[in-house]
There are 4 protein chains.
Amino acid sequence: MNNITKSAPRYRVEQKEQDILKSASELFAELGFNATSTKKIAQNAGVSEGTVFNYFATKNDLLIAVISEMYAKLTEDAESGISKYSHTIERIQFLAENHVRGTAGNKALLLRLIYVYMNTDLHIFEHLETTALYKLNHEYTKIFDGVILEGVRHQEIRDDINLSAIRDLFFGGLEYAMRTLMLKNKMGNIEKYVSDVVEPLWDSIQIKLSQSEGPEFKDKLDDVLKRLESVTDKLNQRD
Amino acid sequence: MNNITKSAPRYRVEQKEQDILKSASELFAELGFNATSTKKIAQNAGVSEGTVFNYFATKNDLLIAVISEMYAKLTEDAESGISKYSHTIERIQFLAENHVRGTAGNKALLLRLIYVYMNTDLHIFEHLETTALYKLNHEYTKIFDGVILEGVRHQEIRDDINLSAIRDLFFGGLEYAMRTLMLKNKMGNIEKYVSDVVEPLWDSIQIKLSQSEGPEFKDKLDDVLKRLESVTDKLNQRD
Amino acid sequence: MNNITKSAPRYRVEQKEQDILKSASELFAELGFNATSTKKIAQNAGVSEGTVFNYFATKNDLLIAVISEMYAKLTEDAESGISKYSHTIERIQFLAENHVRGTAGNKALLLRLIYVYMNTDLHIFEHLETTALYKLNHEYTKIFDGVILEGVRHQEIRDDINLSAIRDLFFGGLEYAMRTLMLKNKMGNIEKYVSDVVEPLWDSIQIKLSQSEGPEFKDKLDDVLKRLESVTDKLNQRD
Amino acid sequence: MNNITKSAPRYRVEQKEQDILKSASELFAELGFNATSTKKIAQNAGVSEGTVFNYFATKNDLLIAVISEMYAKLTEDAESGISKYSHTIERIQFLAENHVRGTAGNKALLLRLIYVYMNTDLHIFEHLETTALYKLNHEYTKIFDGVILEGVRHQEIRDDINLSAIRDLFFGGLEYAMRTLMLKNKMGNIEKYVSDVVEPLWDSIQIKLSQSEGPEFKDKLDDVLKRLESVTDKLNQRD
DNA sequence: AATGAATGAGTCTTCATTCAT
DNA sequence: AATGAATGAAGACTCATTCAT
């Protein structure tokens, strides 16, 4: 019961936990949560059914663990990735690709499952776990928010945008697009499609050199014109 | 044996079918497909379990019927609605509101389920039915495409847009936004949020009246300012 | 309510009853009793499910009616058939063929069902009906018994046979043979196979005219007789 | 972890499988396959319904296991039994008794079910399993064939018999006879009835030493020959 | 810590039978 | 007499979870 005798099994334990997690992740992605039995998870992981429940009290706990793991990876990759870019548009494009790649890839449509079970099915997430997942989700989307806000600060992005709406368009658009890609089995061409979706979004939020005059510009112009006319009038009267 | 005596049972039959459809629709939305037992559907509809299967051969058939019905209503409302508007932005805003209202409302998150099961879970829609659902979906989204393309023809929308990407942003953004709204229980304020999402999208695809002026506009303005200053100077010198 | 007004519908009624009987007969033969639903019977007969139960109170009653009908035909054909033959072996061969033809044919393996349900399944025949069916069966097998006994009386068949055992061999052998034929899809060649089965049976019960004469025996006897005659001739010549 | 601690649960496992098999065997025999619910089987075996399905994937698998077990016993007993007899008629009589005893007994009419379901009901045996059952059946009936063929070789049985027909008469006759016995509740007197059925069959296939010539006939013939020879001798002597 | 046999509630579906029209 | 919608009990089978070893 000392550290040494424990460390070996401990390692094996963690290995086994990872095996189960991986097994569940694969099966949930392939078959969906409901169609994946704990028996299949155990078999696919090479352990007994009982062992699965030694590591995860319930099947739901296992789902939450799978989702958490995915968020952790998604978040980590996102954070380390944006640090390599300085221009906002590059960062956004990177986040988009990372999102699609992490969501699709060998995990297939797992992320979809997250939202489904999060929001609709079975009220699985009615309790404490919900909070945990929301935190994970919030932490992840916060990165996007940060990129946008920094873009505003750097005057690459307009300061009058509705961040919440932009965020919804970004993630919603990407996931919808991903679905489109998957149905057409064109997952190979991610970059192109991702940039197709990001482009209009970027177009609507960036500060365009000669585009951004906005209403006050018009007012100013009107003002100028009015003043010019009034001055002209005066001059004419004088003369 | 005349029309009247026959119409009575006929009516009741159709009524019962509607009851079951409504019951299933509500429960699928509230609990999810898997967590909704046929027993619950029967009870909620006020019929026996056997009766459910007299109208719908399997639970899947019932799901498909629910989805079809929703698409039918969505499509019909969309088509009749856009005919009342002539400006493209109004049409888009209408389609967005219609989509959210039809998708949410008492149907709650059902539409989400559609896509989820369509794409991920259990391969429920692996067979012929899939085709039917795709047709319904295609018919529905075609309306959006039509509005956009007509906007292009009327020179309200740029002709260099990527329709597929715009479509994904539109539907994906709206659904993601809807989720946000639901989680915050702010479904009352649909119009505001919908327009928040539609705005950036519209901003990126519309042809801006005073936007395209480019450098010669700036020159003109500079010219005006110069003249204004020169005039002012002259006046000042006079006084 | 008089005879005339009744006769037309009465006829139709009987027609409908026959349709249901025929439908059930076909389906029981093809699918088995349990796998045949009353709904299928109704559809196959071109009537509504309710109508089936107007004519036959339960599904079991219908089974009994089907069986009775088959026995009736079997018995009738057997009786009228044997009257055309006078030799016992011909009569037996006829009865055998009639049995196989009536049991198999488009009724497929229905007769098997009879015995199954009669003896094993569900105790379907525990009550009064049993008696009725036994009577039918008894009436039918009595014909075979009669042929055998008459054969005995005509000194075509030994008088020390065990009729009960012969009867079991006859019907059991035929049905087992029929099964063999059906499994090999050789139902076309009924006559040959039937005579193959009947022959050993006949061989064991018939009275052989000069029972002992194998061919070589006859030759020997002829030889003896010839020699005897030649000796006699010689003797006569001497004297 | 040693053999002993492991053997205990192993033993219990096999015991439970046997319990379920026995339970199913009894109930199939008593009620028939269709009328025996898996719930009843479980209760009768003293296990939960789920446990039944832990050992046998489907109810059909269970049926097949029951039948296989019966064939195994039947075949084993038959093989070991015939080795104790050298005369063909004794072997046949033994096979017959073994068949009836193994088929009837506490298994009641199970064997009948085999053939019934094999051939008629529900097409239960349409797939691979059929093959397995046919093999078992073939293996079993091969023993009978072997006994007959050896009888032919030993010149106890005629070499011009139709084996297939004899086999059908043997098994068909026995089973039909068994039914007769059961209906009359005379199962106690198996030996007598079995020999009643076997006798005519044997009578038709055996080689009769001097085929049926009553002794006095032979004597008479010998007498004639002797006298003939004596006369001939006398005549020769004269010449 | 690992196992896997055991559980039994729960699932979808079928079907003989009834009865209002 | 004919219909066919409605019933609800019963069926085979699944599965997350427990627990003795």
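Chain identifiers are assigned alphabetically (A, B, ...) following the order of the sequence lines, protein sequences preceding nucleic acid strands; residue numbering begins at 1 within each chain.
- Between C:L62 atom CG and E:dT17 atom P the separation is 10 Å, expressed in whole Å.
- One atom, NZ of D:K59, and another, P of F:dA10, lie 15 Å apart when rounded to the nearest Å.
- For the residue pair C:A45 and C:D19, the shortest heavy atom distance occurs at CB-O, 3.7 Å.
- For the side chain to side chain contact (heavy atoms under 4.5 Å, CB included) test, residues two or more places apart in sequence or in another chain that qualify with D:S37 are D:K39, D:K40.
- Not one side-chain nitrogen or oxygen of A:Y55 sits closer than 4.0 Å to the OP1 or OP2 atom of E:dA1.
- The side-chain hydrogen bond (donor to acceptor under 3.5 Å, both in side chains) test applied to C:S48 returns C:T51, not counting sequence neighbours.
- Applying the side chain to side chain contact (heavy atoms under 4.5 Å, CB included) criterion to A:L21, with sequence neighbours excluded, gives A:Q18, A:F56, A:L62, A:A65, A:V66, A:E69.
- When all heavy atoms of C:N34 and D:N34 are compared, the pair lying nearest together is ND2-ND2, 2.6 Å.
- The CZ atom of D:F56 sits 15 Å away from the P atom of F:dA12 (whole-angstrom rounding).
- Taking C:N44 as the reference, C:S23, C:E26, C:L27 meet the side chain to side chain contact (heavy atoms under 4.5 Å, CB included) condition, with sequence neighbours excluded.
- Between C:K16 and the phosphate of F:dA2, there is a side-chain N or O to OP1/OP2 separation shorter than 4.0 Å.
- The residue among A:N54 and C:T58 whose nearest nucleotide of DNA chain E lies closer to the 5′ end is A:N54.
- A cation-pi arrangement is present between A:K59 and A:F33, with the terminal nitrogen or guanidinium carbon under 6.0 Å from the aromatic centre and inside a 45° cone about the axis.
- Scanning residues 37-51 of chain B for heavy-atom distances under 4.0 Å to DNA chain E yields B:S37, B:T38, B:E49.
- In this structure, the nucleotide among E:dA16, F:dA1, E:dA5 sitting nearest to the side chain of C:F53 is E:dA16.
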Seminar exercise, completed: Pairs under 3.5 Å (Watson-Crick or G-U), crossing ones as [ ], inter-strand ones as |: DNA chain E comes out as .||||||||||||||||||||
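- The CZ-C1' distance, from C:F33 to E:dC15, rounds to 12 Å in whole Å.
- Remark: P of E:dC15 and CG of C:L31 are 11 Å apart, rounded to the nearest angstrom.
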